[in-house]
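Start at 1 and go down the list; that is how both ligands and their atoms are numbered.
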Amino acid sequence: MKTLSDFNFENKKAIIRVDFNVPLDENLNVTDATRIEAAKPTIDAILAQGGSVILMSHLGRPKGVEEKHSLKHILKTASDILGVPVQFAADCIGSVAKDAAKKLQAGEVLLLENLRFHSEEEAGDVAFAKELASLGDIYVNDAFGTAHRAHASTTIIAQFFPTEKCFGLLMAKEIESLNKVLKNSEKPVTAVLGGSKVSSKITVIENILDKVDHMIIGGGMTFTFVKALGGKIGDSICEDDKQELALEILRLAKEKGVQIHIPVDVVAANAFANDAETQIVDVKEIPDGWQGLDAGPKSLENFKKVIMESKTILWNGPLGVFEMENFANGTIALGNFIAESTSNGAFSLVGGGDSVAAVKQFGLEDKVSYVSTGGGAMLEMLEGKILPGIAAILD
Ligand code: AMP
């Protein structure tokens, strides 16, 4: 796996695919700069060696050129974070980009305009990728969040750098952390899969059964399993057409010697609302008119035991409707168990939009081993897919 340390960037122009797809408020100010901060180590390292940096990214989902999706809005934030004035090219290809790239001196940073102002980016157009490639000497991919897309800047461009291509530090860390869970994991390995639906996690579950010793299934997925096993789930969320699949997963798990842990009790509510009435009930005996919205105390006790014994932990998806304060307890408790197990030496990886949001919201970010920056990309890796953006560098 080639990374920055395989190259000397002195007097070289690095063209880096970053993920600067940051949220902007109505006045076009950056409201969360995490993704820019995440790319800083790679940029710093190249500048420190006497190289220069050309940054390319998408922002939002523009249909053609849309002023509100211009990357110029993030220039000030990027300059502040990187500690150097970031120059801007008002187009990512053509003479504007070429001239700006040509003039770039060692130690300088140039940001290209939104790649998705050209439909060729998402189409993976070869000629467009070639134009981008012509701007730099070495291609660096540090955008894990888009590595599952075979776009021009994430994948196709790599063919124009037969040897001069590598992963950035963020991307390398992501791959390394996922490999620690999927390949070189210390046992026992536990995966906690929560969230709303079995259907969106099924491929992950199937792939991961070969790699784990324990699987904790929580969140809304719980009820499809419980109903399939003959339990009464009241008005809880359920995918009736996935019941057979749930039973098949349980059968497969048994065959592979994976212990499955499902909540035994839940916090049930008489409405999907934070101020609903609640009661703790057996997961198999939820009364009609009530729905399970969080894991109950006995379930959490069981989960704690598993987590504390684990040496490798993967967490994707909340244990309850954590967006509502009264149903966040299970997710917070689980986060704390993982934090405690991590402080005892376990390796823990948290990924997927909602669990990352939960970890941040509850202040656990620094207490787990690694928080993945790529939701969809991480899920696809967990599904066992080879991401095109990764394959293009490994070629
Ligand atoms: P996902 O996007 O599949 O990871 O699902 C995340 C969503 O699942 C969050 O918005 C949670 O509120 C929701 N969720 C978790 N537990 C439940 C539950 N018991 N009932 C309904 N939704 C849930």
Subject >> Side-chain donor-acceptor contact under 3.5 Å, S153 with R17 >> reply: yes
Subject >> For atom 15 (C) of ligand 1, the option (of C238, G320, S236) bearing the nearest heavy atom >> reply: G320
Original post:
For ligand 1, which atoms have a heavy atom of G220 less than 4.0 angstrom away?
Top reply: 15 (C), 16 (N), 17 (C), 18 (C), 19 (N)
Subject >> Atoms of ligand 1, numbered as shown, that sit under 4.0 Å from any heavy atom of I237 >> reply: 20 (N), 21 (C)
**OP:** Pick one of side chain, backbone, both or neither for how Q291 approaches ligand 1, counting any non-hydrogen atom pair under 4.0 Å.
**Re:** neither
Subject >> NZ/K40: more than 12 non-hydrogen atoms of other groups inside 6.0 Å >> reply: yes
Original post:
Closest non-hydrogen protein atom to atom 23 (C) of ligand 1, residue and atom name please, with distance?
Top reply: V321 CG2, 3.5 Å
Subject >> Option nearest atom 2 (O) of ligand 1 (shortest heavy-atom distance, choices L193, N316, D354, L293) >> reply: D354
**OP:** Look at atom NZ of K13 and say whether more than 12 heavy atoms of other residues, nucleotides or ligands are closer to it than 6.0 Å.
**Re:** yes
Original post:
How are the rings of F128 and H118 set to each other: parallel, tilted or perpendicular (split at 30° and 60°)?
Top reply: tilted
Subject >> Remaining members of hydrophobic cluster (4.5 Å side-chain criterion), F272 >> reply: V267, I280, L293, V321, M324, F327
Original post:
atom 5 (O) of ligand 1: which protein heavy atom is closest, and how many Å away?
Top reply: S196 N, 3.0 Å
Original post:
Counting both backbone and side chain atoms, is some N or O of E323 under 3.5 Å from an N or O of ligand 1?
Top reply: yes
Original post:
Which ligand 1 atoms, with their elements, are less than 4.0 angstrom from a heavy-atom of G292?
Top reply: 18 (C), 19 (N), 20 (N)
Original post:
So, S348 side chain and S369 main chain: donor-acceptor pair closer than 3.5 Å or not?
Top reply: yes
Subject >> A14 to I46 - nearest heavy-atom pair and separation >> reply: CB-CD1, 3.8 Å
Subject >> Hydrophobic cluster partners of F117 (side-chain heavy atoms under 4.5 Å) >> reply: V65
Subject >> For F223, the ligand 1 atoms whose distance to one of its heavy atoms is below 4.0 Å >> reply: 19 (N)
Original post:
With a 4.0 Å cut-off on heavy atoms, does K201 reach ligand 1?
Top reply: yes
